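Read the structure below first, then the notes.
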Number of protein chains: 2
Amino acid sequence: MTEYILLGFLMERDMTGYEMKQHMSISTSYFVDASYGSIYPSLKRLGQKGLVKCNETVENGKLKKIYSINERGKAVFLKWLASPILTSTTDISSALAKVFFFRHLPPEKSASLIGQCVRDLESYKKSLLELRSKVADQAESFELCTLDFGLDCYDFAIRWCSEHLLNKAE
Amino acid sequence: MTEYILLGFLMERDMTGYEMKQHMSISTSYFVDASYGSIYPSLKRLGQKGLVKCNETVENGKLKKIYSINERGKAVFLKWLASPILTSTTDISSALAKVFFFRHLPPEKSASLIGQCVRDLESYKKSLLELRSKVADQAESFELCTLDFGLDCYDFAIRWCSEHLLNKAE
DNA sequence: TCAAACATGTAACACGTTACATGATTTG
DNA sequence: CAAATCATGTAACGTGTTACATGTTTGA
């Protein structure tokens with residue numbers, strides 16, 4: 001997912017790997033905060049895939065590699081952005097990453113993705129509710145507790161997306 | 001973390017790798033659901049570390065490797081269980097995994113861990129609030145939105161832990 | 001002048017997924 | 001008798017972390 005975050009940053013402006021790391025720390029850090037050991041190899045891969053190009057310059061005696069996104073990179077980024085928000089029940093980070101860049105999507109598209117997201121949450125909740133009724137009698141108290149936390153999380157997320165996200169996208 | 005889940009299962013009863021996978025699907029699956037390609041290598045490692053032992057039997061012509069946890073394994077598991085619930089702002093799965101097995105902890109210990117967890121959540125929330133005030137003027141609407149979601153998540157989690165978890169542990 | 005910040009990267013290691021590979025038994 | 005379930009595992013691949021390795025400039 002790091003690669004998509006980096007592409008997203010480059011949608012805004014050209015940057016060096018170092019700047020991307022800095023930018024992360026004041027924007028995505030609380031849900032994604034990659035290390036240099038992840039950022040530099042990711043940039044290399046993006047270059048090999050032909051999604052970004054790199055301009056080497058020397059500024060104040062320091063080597064700088066300024067990356068920029070090209071048309072293919074933009075297409076790949078937008079395709080990712082326009083795909084369903086939720087990819088698993090666990091991966092909240094990638095969901096937030098997508099919403100973070102939603103300004104690059106036409107309002108009706110982001111609205112439809114958010115609507116889909118709410119329906120997915122409701123469906124996940126339903127499955128979990130079914131699991132609960134199946135195991136409620138045999139499960140131990142703390143075990144059931146984690147399941148109920150999951151259920152309440154779904155309620156919270158469904159309410160939050162409906163109240164804060166859906167109207168914002170239109 | 002898979003290794004700790006497997007150790008936790010073995011605290012209850014001896015099992016085969018296959019059974020552990022099945023047990024996961026009706027217990028931890030919505031926050032951790034490892035594949036066989038993760039379970040079998042994990043069991044191998046646990047054996048190499050001397051935390052579990054394995055009894056090979058043949059039942060109905062089928063090879064069965066029944067694993068059991070030993071004293072060292074129990075000690076390692078309990079040490080993990082008694083360590084702070086939150087390890088990062090992102091990793092909700094490992095937090096839930098710990099709570100899932102809280103019955104193996106003395107009530108005063110689980111209560112103190114939950115208390116610590118609430119304080120950690122409050123501290124994370126405070127940091128995020130500081131970040132928000134720093135970037136609020138320059139951040140775009142959807143970007144700020146993901147940040148506000150984080151903030152509301154912390155409120156939700158703090159309230160949930162205080163209401164549902166703290167009294168249960170005592 | 002010394003530490004912090006700027007700037008880039010690799011190597012070892014950990015750990016997860018999917019697909020592949022095998023073979024027995026049970027059930028419709 | 002065929003398909004589902006039981007049962008174990010490996011290999012290739014992806015991707016992340018930490019620690020290492022290097023060198024410059026800026027500011028106290």
Side-chain angles (χ1 to χ4, degrees), chain A residues 1-7 9 14-26 28-29 31-49 51-67 76 80 87-94 97, chain B residues 1-7 9 14-26 28-29 31-49 51-67 76 80 87-94 97:
Chain A
M1 197 188 41
T2 305
E3 289 181 26
Y4 290 111
I5 305 268
L6 301 181
L7 286 178
F9 287 167
D14 294 355
M15 274 189 210
T16 67
Y18 189 82
E19 284 177 301
M20 292 185 210
K21 169 79 177 149
Q22 282 179 121
H23 190 62
M24 262 190 192
S25 76
I26 56 152
T28 67
S29 60
F31 59 90
V32 171
D33 199 10
S35 61
Y36 288 119
S38 174
I39 289 172
Y40 285 118
S42 290
L43 288 170
K44 197 188 220 176
R45 279 194 298 272
L46 287 171
Q48 285 163 349
K49 289 178 198 165
L51 307 181
V52 301
K53 86 170 207 287
C54 167
N55 226 315
E56 288 188 45
T57 57
V58 178
E59 239 170 75
N60 307 324
K62 273 173 282 187
L63 171 72
K64 269 197 183 187
K65 291 188 158 188
I66 301 163
Y67 290 89
V76 167
W80 167 76
T87 50
S88 84
T89 52
T90 342
D91 196 3
I92 181 83
S93 291
S94 72
Chain B
M1 198 190 37
T2 306
E3 289 182 24
Y4 290 112
I5 305 268
L6 301 181
L7 287 177
F9 287 166
D14 296 354
M15 274 189 212
T16 67
Y18 189 82
E19 284 177 303
M20 292 185 212
K21 169 78 177 150
Q22 282 180 119
H23 191 62
M24 261 188 192
S25 76
I26 55 153
T28 68
S29 60
F31 58 91
V32 171
D33 198 10
S35 62
Y36 287 119
S38 175
I39 289 171
Y40 286 118
S42 291
L43 287 170
K44 198 186 218 176
R45 280 195 297 272
L46 287 171
Q48 285 163 350
K49 290 178 197 165
L51 307 181
V52 301
K53 86 170 207 289
C54 167
N55 226 314
E56 288 186 45
T57 56
V58 178
E59 239 170 74
N60 305 324
K62 272 173 283 186
L63 172 73
K64 268 196 183 185
K65 292 188 158 190
I66 300 163
Y67 290 89
V76 166
W80 168 76
T87 51
S88 85
T89 52
T90 342
D91 195 3
I92 181 80
S93 290
S94 72

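As the structure is a computational prediction, the values presented were derived from the model and not from experiment. Here is how names work: the chains are called A, B, and so on, in the same order as the sequence lines, proteins then strands, and each is numbered from 1.
Taking atom CD1 on Ile5(A) and atom C1' on dT15(D), their separation rounds to 14 Å, with Å as the unit. Residue Leu46(A) contributes atom CG, which lies 14 Å from atom C1' of dG14(D) at whole-angstrom precision. Atom CG of Asp33(A) is separated from atom C1' of dT15(D) by 16 Å (rounded to the nearest Å). Atom-to-atom, OH of Tyr36(B) to C1' of dA12(D) comes out at 21 Å; the value is rounded to the nearest Å. We find that CG of Leu6(B) is positioned 15 Å from C1' of dT8(D), with the value rounded to whole Å. In this entry the distance linking CD of Glu56(B) with P of dT8(D) reads 10 Å, nearest Å. Protein atom CD of Glu19(B) is 14 Å distant from nucleotide atom P of dG9(D), rounded to whole Å. Across the protein-nucleic acid pair, Asp91(A) atom CG and dG16(C) atom C1' stand 13 Å apart, rounded to whole Å.
If you check dA7(C), dC15(C), dC6(D) against the side chain of Glu3(B), the one that comes closest is dC15(C). The side chain of Tyr18(B) has dC6(D) as its nearest neighbour among dG9(D), dT8(C), dC6(D). The side chain of Lys64(A) lies closest to dA7(C) when the candidates are dA7(C), dT10(D), dG16(D). Minimum atom distance to the side chain of Leu63(A) is reached by dT8(C), of the listed dT8(C), dA7(D), dG16(C). Picking from dT17(C), dT17(D), dA7(D) the nucleotide with the shortest atom distance to the side chain of Ser35(A) gives dT17(D). Taking the side chain of Lys44(A) as heavy atoms from C-beta on, and the options dT10(C), dT8(C), dC15(C), the nearest nucleotide is dT10(C). When the nucleotides dG9(C), dG9(D), dG16(D) are ranked by their closest atom to the side chain of Lys65(A), dG9(C) comes out on top. Which of dT15(D), dG16(C), dG23(D) sits closest to the side chain of Lys62(A) comes down to dG23(D).
Among the protein residues, Met1(B) comes within range of the sugar-phosphate backbone only, with heavy atoms under 4.0 Å from sugar or phosphate atoms but none that close to a base. At a threshold of 4.0 angstrom between heavy atoms, the contacts of Gln22(A) are confined to the sugar-phosphate backbone, with no base atom among them.
The phosphate of dC15(C) (OP1 or OP2) has no side-chain N or O of Thr2(B) nearer than 4.0 angstrom.
In this pair, Tyr18(A) and Tyr36(A) present their aromatic rings parallel. The plane angle is below 30°, not in the 30 to 60° band. Phe9(A) and His23(A) have perpendicular rings, their planes meeting at more than 60° on a 0 to 90° scale where under 30° would count as parallel.
The environment of NZ in Lys53(A) is sparse: at most 12 heavy-atom neighbours from other residues, nucleotides or ligands sit within 6.0 Å.
In this structure the side chain of Ser25(B) never reaches within 4.5 angstrom of the side chain of Lys21(B), judged on heavy atoms. Annotation: side chain of Glu19(A) is not in contact with side chain of Asp14(A) (no heavy-atom distance under 4.5 Å).
Residue order along DNA chain C, read from the 5' end via each residue's closest nucleotide, puts Glu59(A) first among Gly37(A) and Glu59(A). With the nearest nucleotide of DNA chain D identified for both Arg45(A) and Leu43(B), Leu43(B) has the one nearer the 5' end.
Judged purely by atom type and a 3.5 angstrom limit, Thr16(A) has no side-chain atom pairing as donor or acceptor with the backbone of Lys65(A).
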